[in-house]
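When reading the values below, keep in mind they use all heavy atoms of this one structure, side chains included, and skip hydrogens, waters and symmetry mates. Start at 1 with the first residue, then count along the sequence. Numbering of ligands and ligand atoms starts at 1, following listing order. Worth saying up front: this structure is predicted, and the values here are computed from it rather than measured.
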Amino acid sequence: MQNGTYLRNGPGVWHIHDYNFRHLFDGYATLVALQFDNGRLIAAHRQIESEAYKAAKEHNKLCYREFSEVPKADNFFKNVSDVISLFTGASLTDNANTGVVRLGDGRVLCLTETQKGSILIDPDSLETLGRFEYTDKLGGLIHAAHPIVTETDFITLLPDLVRPGYLVVKMKPGTNERKVVGRVDCRGGSTPGWVHSFPVTENYVLVPEMPLRYSAKNLVKAEPTPLYKFEWCPNSKAFMHVVSKISGKIMASVEVPLFVTFHFINAYEETDDEGRLIAIIADCCEHEADTTILDKLKLENLRSFDGQDVLPDARVGRFTIPMDGSPYGKLESALDPDEHGRGMDMCSINPSYLGKKYRYAYACGARRPCNFPNALTKLDLVNKKAEIWYDEGAVPSEPFFVARPGATEEDDGVVISIISEENGGAYAVMLDGLTFEEIARARFPYSIPYGLHGCWVPKT
Ligand SMILES: CC(=O)/C=C/C=C(C)/C=C/C1=C(C)CCCC1(C)C
Ligand SMILES: CC(/C=C/C=O)=C\C=C\C=O
Ligand SMILES: [Fe+2]
């Protein structure tokens, strides 16, 4: 194993004093680090010191709007209406609890869906260094939680709730300034679809327009609605738009079957024998166009498993987007969902295959009955088979692939996951990327809560 640090972010504290949050996504961000140092493993964890977290600790109450929680009127600006503070962004959380990325310039950035929740941290001490200030004038309050980050680029989408659409933006390493690549207007609905993540190919950025859309009326509600800040709008239809990375032009825009996804896995360009582009293939963790997964992530559901099989089905949804001007795209299962127990989310790939034809993905899968993904799975998208790693009582977080230095095979590397156990225990596990067998496990001397997304910071 090369030397370096695996960092994982995620909600980890779900209460303020004696007030308990209701949804998984509300929790205050907890970073966990696994530092690999010449065969030794050193583990650490630390809270991200966001303004939202510090204010909650200082005042013993919720002070900012979280994913589903809204402060009581007297918790924030007394005389400013919620609506005004929502649209200036002042009341929005900066609780950067979703992901962590290493920028091409080496800075390590924690993110969530609010732009103000972009927070720099020190990957060695896990100390919060401060807010990442975007120096451009693009404004906006929200962005995709998952930018596409490489050594040379940072690409993200900014949903536009005023003029329904999405800005595609990019930022060079060493800068804090995003530049507009292009813009996509929504084709359906009066608001953009929720965009937690999106995929890219070598030449294109794909903009998903999901029929689960931001909801103007739910955004200002004080109490959570069944779909939180969103609305299911099947009549508004679903679309995939293809934007050129170079010109920003829309190269295709097709209607696709209705879908629900948080996470795109990867995408690539399909060419014919003469090398002409015929289609774009984009894969995602798709929840069978069923929004109930969102409410299943309520803490009371996650904390009460009684043996009933209540995890909604999910699959690898594969979009085929024709590039010949045809108006419709396809959405099919890339493999039989029974291969991975019809549970599917929290994915990773070998980063060298980003935007390219690829064969393997790693994700959380299911061994049923369950109420949450309880297994790790390696998906072979060519042979349409899945391997499963399962340990009784384990709640594994995203299996994160780290390639072996010098590897030539796509799956030559290791897969790291942090396991929270039903009984309060926790351990880190390392699987062989090729065989999917367990290589090592290291137990934490205390509990580590379930978490979301990670990144690899190589030792320099
Ligand atoms: C943890 C995770 O995956 C998602 C977190 C999403 C958050 C914190 C979303 C926050 C929002 C608000 C506080 C109001 C505006 C809308 C929205 C972006 C959903
Ligand atoms: C944990 C999760 C879905 C699990 C269901 O199968 C989704 C998390 C989304 C945010 O990053
Ligand atoms: Fe995510």
A.B. asks: Below 30° counts as parallel, above 60° as perpendicular, anything between as tilted: where do the rings of Tyr446 and Phe444 land?
C.D. replies: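 Because their plane-to-plane angle lies in the 30° to 60° range, the rings of Tyr446 and Phe444 count as tilted.
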A.B. asks: Which protein heavy atom lies closest to atom 5 (C) of ligand 2, and at what distance to 0.1 Å?
C.D. replies: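 Scanning the protein heavy atoms, the shortest distance from atom 5 (C) of ligand 2 goes to Ile293 CD1, 3.5 Å.
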A.B. asks: Using modelled atom types and a 3.5 Å cut-off, is there a donor and acceptor pairing between side-chain atoms of Glu286 and backbone atoms of Val260?
C.D. replies: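 Checked: pair present.
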A.B. asks: Would the Trp194 and Phe230 ring centres measure less than 6.0 Å apart?
C.D. replies: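 Yes, the ring centres sit under 6.0 Å apart.
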A.B. asks: Taking side chain to side chain contact (heavy atoms under 4.5 Å, CB included) as the test, write out the residues that go with Arg131, two or more places apart.
C.D. replies: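 Glu51, Asp94, Lys116, Glu133.
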A.B. asks: Among Leu452, Leu294, Asp345, whose heavy atom sits nearest atom 3 (C) of ligand 2?
C.D. replies: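 Of the listed residues, Asp345 has the closest heavy atom.
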A.B. asks: Which atoms of ligand 1 sit under 4.0 Å from any heavy atom of Thr98?
C.D. replies: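 Every atom of ligand 1 under 4.0 Å from some heavy atom of Thr98: 1 (C), 2 (C), 3 (O), 4 (C), 5 (C).
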A.B. asks: Could you list the atoms of ligand 1 found under 4.0 angstrom from a heavy atom of His196?
C.D. replies: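 The list of qualifying atoms is 3 (O).
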A.B. asks: Show the atoms of ligand 2 that are less than 4.0 angstrom away from any heavy atom in Phe25.
C.D. replies: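 That gives atoms 8 (C), 9 (C), 10 (C) of ligand 2.
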A.B. asks: Give the atom numbers and elements of ligand 1 that come within less than 4.0 Å of a heavy atom of Leu219.
C.D. replies: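 Per the distance check, 15 (C), 16 (C).
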A.B. asks: Donor-acceptor check, side chain of Asp338 to backbone of Gly341, threshold 3.5 angstrom: yes or no?
C.D. replies: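 Flag not set: sc Asp338 to bb Gly341 has no pair under 3.5 Å.
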A.B. asks: If you consider just the N/O/S atoms, which atom of His196 is the closest one to the Fe ion (ligand 3)?
C.D. replies: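 Going through the N, O and S atoms of His196 one by one, NE2 ends up nearest to the Fe ion (ligand 3).
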A.B. asks: Please determine if His196 has a nitrogen or oxygen closer than 3.5 Å to a nitrogen or oxygen of ligand 2.
C.D. replies: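 In this structure, His196 places an N or O atom under 3.5 Å from an N or O of ligand 2.
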A.B. asks: Any atoms of ligand 2 less than 4.0 Å from a non-hydrogen atom of His263? List them with their elements.
C.D. replies: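 Here the atoms of ligand 2 in question are 8 (C), 9 (C), 10 (C), 11 (O).
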A.B. asks: For Tyr427 and Trp389, take the angle between the two ring planes, folded into 0 to 90°, and tell me which bin it lands in: parallel under 30, tilted 30 to 60, perpendicular over 60.
C.D. replies: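 Rings of Tyr427 and Trp389: perpendicular, over 60°.
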A.B. asks: To the nearest 10 degrees, could you say what angle the Fe ion (ligand 3) makes with NE2 of His146 and NE2 of His453?
C.D. replies: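 That angle is 90°.
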A.B. asks: Consider only side-chain N and O atoms of Glu113 and His196, and report whether a donor and an acceptor are under 3.5 Å apart.
C.D. replies: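 Yes, because at least one side-chain N or O of Glu113 sits under 3.5 Å from a partner of the opposite role on His196.
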A.B. asks: With no hydrogens and no angle check, is any side-chain donor or acceptor of Glu398 less than 3.5 Å from a backbone partner on Gly454?
C.D. replies: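 Indeed, once roles are kept as given, a pair shorter than 3.5 Å links the two residues.
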A.B. asks: One residue to check: Leu452. Relative to ligand 1, which of side chain, backbone, both or neither has a non-hydrogen atom less than 4.0 Å away?
C.D. replies: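 For Leu452, the contact with ligand 1 is made by the side chain alone.
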A.B. asks: If you count the atoms of ligand 1 from 1 in the order shown, which ones are under 4.0 Å from a heavy atom of Thr112?
C.D. replies: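 The list of qualifying atoms is 5 (C), 6 (C), 7 (C), 8 (C).
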A.B. asks: Quick check: does any side chain N or O of Ser348 sit under 3.5 Å from a backbone N or O of Pro399, one acting as donor and the other as acceptor?
C.D. replies: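 Between the backbone of Pro399 and the side chain of Ser348 there is a qualifying donor-acceptor contact (under 3.5 Å).
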A.B. asks: Strictly distance-based, threshold 3.5 Å: is any side-chain N or O of His340 a donor or acceptor partner for the main-chain N or O of Gly343?
C.D. replies: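 Yes.
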A.B. asks: Please report the C-alpha distance between Asp295 and His23 in whole Å, then the side-chain angles of each, then the deciding distance to 0.1 Å, and finally whether the side chain to side chain donor-acceptor pair (under 3.5 Å) criterion is met.
C.D. replies: CA-CA 8 Å; Asp295 223 35; His23 197 277; 5.8 Å; no
A.B. asks: List every atom of ligand 1 that sits less than 4.0 Å from any heavy atom of Asn97, numbering the atoms from 1 in the order shown and giving each element.
C.D. replies: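 It comes down to these atoms of ligand 1: 1 (C).
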A.B. asks: Under a 4.0 Å heavy-atom limit, does Asn95 contact ligand 1 with its side chain, its backbone, both, or neither?
C.D. replies: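 No part of Asn95 comes within reach of ligand 1.
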A.B. asks: Does Lys378 count as lying over the ring of Tyr360, i.e. NZ or CZ under 6.0 Å from the six-ring centre, within 45 degrees of the axis?
C.D. replies: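 The answer is yes; both the distance and angle limits are met.
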A.B. asks: Residue-level breakdown please: for Phe230 versus ligand 1, do any non-hydrogen atoms fall below 4.0 Å on the side chain, on the backbone, on both, or on neither?
C.D. replies: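 It is the side chain that touches ligand 1; the backbone stays farther off.
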A.B. asks: Tell me: protein heavy atom nearest atom 1 (C) of ligand 2, and distance?
C.D. replies: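 Of the protein heavy atoms, Tyr450 OH, 3.5 Å lies nearest.
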A.B. asks: Which atoms from ligand 1 have a heavy atom of Ile142 less than 4.0 Å away?
C.D. replies: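 What qualifies from ligand 1 is 18 (C).
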A.B. asks: In the protein, what heavy atom is nearest to atom 11 (O) of ligand 2, and what distance, to one decimal place, separates them?
C.D. replies: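 Nearest neighbour among protein heavy atoms for atom 11 (O) of ligand 2, to 0.1 Å: His453 NE2, 2.9 Å.
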A.B. asks: By number and element, which atoms of ligand 1 are closer than 4.0 Å to a non-hydrogen atom of Arg65?
C.D. replies: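 Within the 4.0 Å cut-off of Arg65, ligand 1 contributes 13 (C).
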A.B. asks: Where on Lys296 is there a heavy atom closer than 4.0 Å to ligand 2, on the side chain, on the backbone, on both, or on neither?
C.D. replies: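 It is neither; nothing of Lys296 touches ligand 2.
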A.B. asks: Looking only at protein heavy atoms, identify the closest one to atom 6 (O) of ligand 2 and say how far it is in Å.
C.D. replies: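 The closest one turns out to be Pro373 CG, 3.3 Å.
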A.B. asks: If you measure from each non-hydrogen atom of Glu66 to ligand 1, which part falls under 4.0 Å: side chain, backbone, both or neither?
C.D. replies: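 Near ligand 1, Glu66 shows its backbone, while the atoms from C-beta on stay back.
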A.B. asks: Can a donor-acceptor pair be found, under 3.5 Å and without considering hydrogens, that links the side chain of His143 to the backbone of Thr112?
C.D. replies: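 Looks like yes, one N/O pair under 3.5 Å.
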